[in-house]
Amino acid sequence: MNSSTAWLALRSLEGGIQLTTLQAAEADRLASKLTNLLDAWALACAVQTLILPLQGSQVALICTLRPEFRAQYMPGHDTLALHETLGHTPQTDEAWALEREIWVALLGSPHRFQFASLESLTSHIRVRRNMALDARKTALAFKTDAAERPQAFWQDGGDDAGFILQPGRCLVEALIAATQPDATGKLYDFSCYRATEYVILLGIAQEVQTHHPLMLEALQQLNERHAVRSGQFHDVFLIEYGSMDAPLPERFYVPGDRLWFRNPDERSSDVTGYEGSWVMYMGGGLFSNFWKRDQPFTLESKAIEIFHWRDGVYTDAQGELQMDESVVDQCVAQTQRDPEARSNVLERMIRMRDPKGVYAEGGCIDTTREYPRSVSQDHCELVLPQL
């Protein structure tokens, strides 16, 4: 196969996982190792592989779900019922079921996830598993204008540095203490965006603690000097996939994805903290609810909540817009009881969002998702800032 033919064939394959290697013989061995690995998840028979030459001596090993399995497990790239279609039950080991769900979502993805090695791929899946499990354990107090951390682990380094680690304290333990009240018995103040950063960093730190200790040491030292936050956090730790021109399907989510639900109501979106909602997809059809951990969101319940933010907005005595969550809760409960009203709200909300600054017919679904860069020891993409 010549290079142009290979490129056309590569483009014609839909999404899935791509492993890049140097020689076809190595790719054959890699395909065999991958098949053996997938046997542990009872997925080997559901996967097809293809080896395609690239430039020079490089070849690509493309792994995707067979069409009949994709139609069975995730029709239309809908991953929200994967836990059911895969036969997982409450008695299934939680971590095993979650990793299996991640494998299937990646293999059936419309987006091509590229990895330099099988070790990088399996590390990526473990990080996603960690993040999803950590999100399920996270419970916080919602504050957009305040923040608090357990003083035994963190100190306020000021506006420039943010909350930094107390010298010598373990980063993994510190992140757990800040986000999981089972460890401390207390809820700490967070915004939803900052909360997702802590969950993502914790998932990464747990992986490198076992599999890349030098990276954990580097993360430890960085967090003792400076907190990586906001746009810098996105640039350093995350890869965004999907776009406004090529949006991801409305019901496609991989456990461990960070994503944004947009508030499509112009007035209520001017309330600080209600421009939209940053969440983690935890698998099992559920999205994080850090403020009410025992009430995680489905796609539908999240859309209905955001829709009713327009009903909870009011102007206070100082002329500032505020949100009355009790009004929102009442409206959500009423809509959930009324099948026709519920259907109308979901028809309005479960659609792609408008572009930035536009409030027209768009819904709350963003076109992109985010996932962490590779931190595997053999191919680490994480470049920490020198602060």
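Values below: all heavy atoms of this structure, side chains included; hydrogens, waters and symmetry mates excluded. In what follows, residues are counted from 1 in the order of the sequence shown.
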| Among the clusters formed by ILVMFWY side chains lying less than 4.5 Å apart, do Leu248 and Leu106 turn up in the same one? | yes

Could you state the interatomic distance from [atom1] ([X]) to [atom2] ([Y]), rounded to the nearest 0.5 Å?
X	Y	atom1	atom2	answer
Asp265	Ile306	CG	CD1	11.5 Å
Asn289	Glu305	CG	CD	7.0 Å
Thr138	Leu202	OG1	CG	7.5 Å
Ser301	Phe287	OG	CZ	9.0 Å
Gln206	Arg129	CD	CZ	8.5 Å
Leu140	Glu148	CG	CD	11.5 Å

| Under 4.5 Å side-chain linkage, directly or through intermediates, the cluster mates of Trp278 | Tyr193, Trp260

| Residue of the set Phe153, Trp154, Phe237 for which ring pair (Phe, Tyr, Trp, His ring centres under 6.0 Å) holds with Tyr198 | Trp154

Would you please say whether a donor-acceptor pair under 3.5 Å links the side chains of [X] and [Y]?
X	Y	result
Asp134	Thr179	no
Ser120	Ser117	no
Asp316	Gln322	yes
Ser123	Glu207	yes

Enumerate the residue pairs fulfilling salt bridge (charged side-chain N to carboxylate O under 4.0 Å, His left out) with a member in [range], sequence neighbours excluded, ordered by first and then second residue.
range	value
residues 321-344	Lys292-Asp329
residues 163-182	Asp182-Arg293
residues 237-258	Asp78-Arg251, Arg128-Asp257, Arg251-Glu300, Arg258-Glu370

Quick check: closest heavy atoms across [X] and [Y], and the distance to 0.1 Å?
X	Y	answer
Thr184	Ala177	CG2-O, 3.4 Å
His83	Glu101	CB-OE1, 4.0 Å
Pro249	Arg369	O-NH2, 2.9 Å
Leu187	Ala139	CD2-O, 3.4 Å
Val327	Asp311	CG1-O, 3.4 Å
Ala105	Thr79	CB-CG2, 4.2 Å

Hey, could you give me each pair passing ring-ring contact (aromatic ring centres under 6.0 Å, His included) that has a residue in [range]? Not counting sequence neighbours.
range	value
residues 295-318	Tyr274-Trp309
residues 324-372	Phe113-Tyr371, His124-Tyr371, Tyr241-Tyr371
residues 321-352	none

| When you look at CD of Gln151, are more than 12 heavy atoms from neighbouring residues, nucleotides or ligands closer to it than 6.0 Å? |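 Not more than 12 within 6.0 Å, no.
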
| query | Would you find more than 12 non-hydrogen atoms of other residues, nucleotides or ligands less than 6.0 Å from Gln72 atom CD? | reply |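 Yes, enclosed.
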
| Results of side chain to side chain donor-acceptor pair (under 3.5 Å) for Asn36 - residues two or more places apart only | none

| task | Evaluate the criterion side chain to side chain contact (heavy atoms under 4.5 Å, CB included) for residue pair Val127 and Val208; output intermediate values, then yes/no. | result | CA-CA 9 Å; Val127 172; Val208 298; over 6 Å; no

| request: Walk me through it: do Arg136 and Glu94 pass the test salt bridge (charged side-chain N to carboxylate O under 4.0 Å, His left out)? | output: CA-CA 11 Å; Arg136 295 177 186 185; Glu94 184 180 30; 2.7 Å; yes

| field | Sequence-distant partners of Pro75, side chain to side chain contact (heavy atoms under 4.5 Å, CB included), two or more places apart | value | none

| message | Test of understanding: with side chain to side chain contact (heavy atoms under 4.5 Å, CB included), list the residues that count as partners of Ala360, not counting sequence neighbours. | response |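 Listed in chain order: Asp354, Val358.
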
| query | Going through the checks in order, is the side chain to side chain contact (heavy atoms under 4.5 Å, CB included) test met by Ile125 and Ile102? | reply | CA-CA 7 Å; Ile125 290 173; Ile102 294 167; 4.0 Å; yes

Are [X] and [Y] close enough that some pair of their side-chain heavy atoms sits under 4.5 Å apart?
X	Y	answer
Leu54	Val59	no
Val254	Tyr281	no
Pro150	Lys186	no

Main chain of [Y], side chain of [X]: is a donor-acceptor contact present, judged purely on distance under 3.5 Å?
X	Y	answer
His211	Ser376	no
Thr335	Ala341	no
Gln336	Gln334	no
Glu197	Phe233	no
Thr89	Gln91	yes
Asn263	Gly276	no
Thr122	Leu118	yes
Arg100	Trp41	yes
Thr367	Pro247	no

Exercise answer: donor-acceptor pairs, residues 23-30 side-chain atoms, under 3.5 Å, sequence neighbours excluded:
residue	atom	partner	partner atom	Å
Glu26	OE1	Thr21	OG1	3.0
Glu26	OE2	Thr21	OG1	3.0

| request: Could you walk me through whether Thr64 and Gln48 pass the side-chain hydrogen bond (donor to acceptor under 3.5 Å, both in side chains) test, one step at a time? | output: CA-CA 6 Å; Thr64 62; Gln48 58 186 359; 3.0 Å; yes

| said: Test side chain to side chain contact (heavy atoms under 4.5 Å, CB included) on Lys302 and Val279; report intermediate values, then the result. | reply: CA-CA 10 Å; Lys302 188 63 181 179; Val279 301; 4.2 Å; yes

| So Phe261 and Tyr253, would you call those rings parallel, tilted or perpendicular, with 30° and 60° as cut-offs? | tilted

| query | Under the salt bridge (charged side-chain N to carboxylate O under 4.0 Å, His left out) test, which residues partner Arg149, sequence neighbours left out? | reply |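 Salt bridge (charged side-chain N to carboxylate O under 4.0 Å, His left out) list for Arg149, sorted by chain: empty.
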
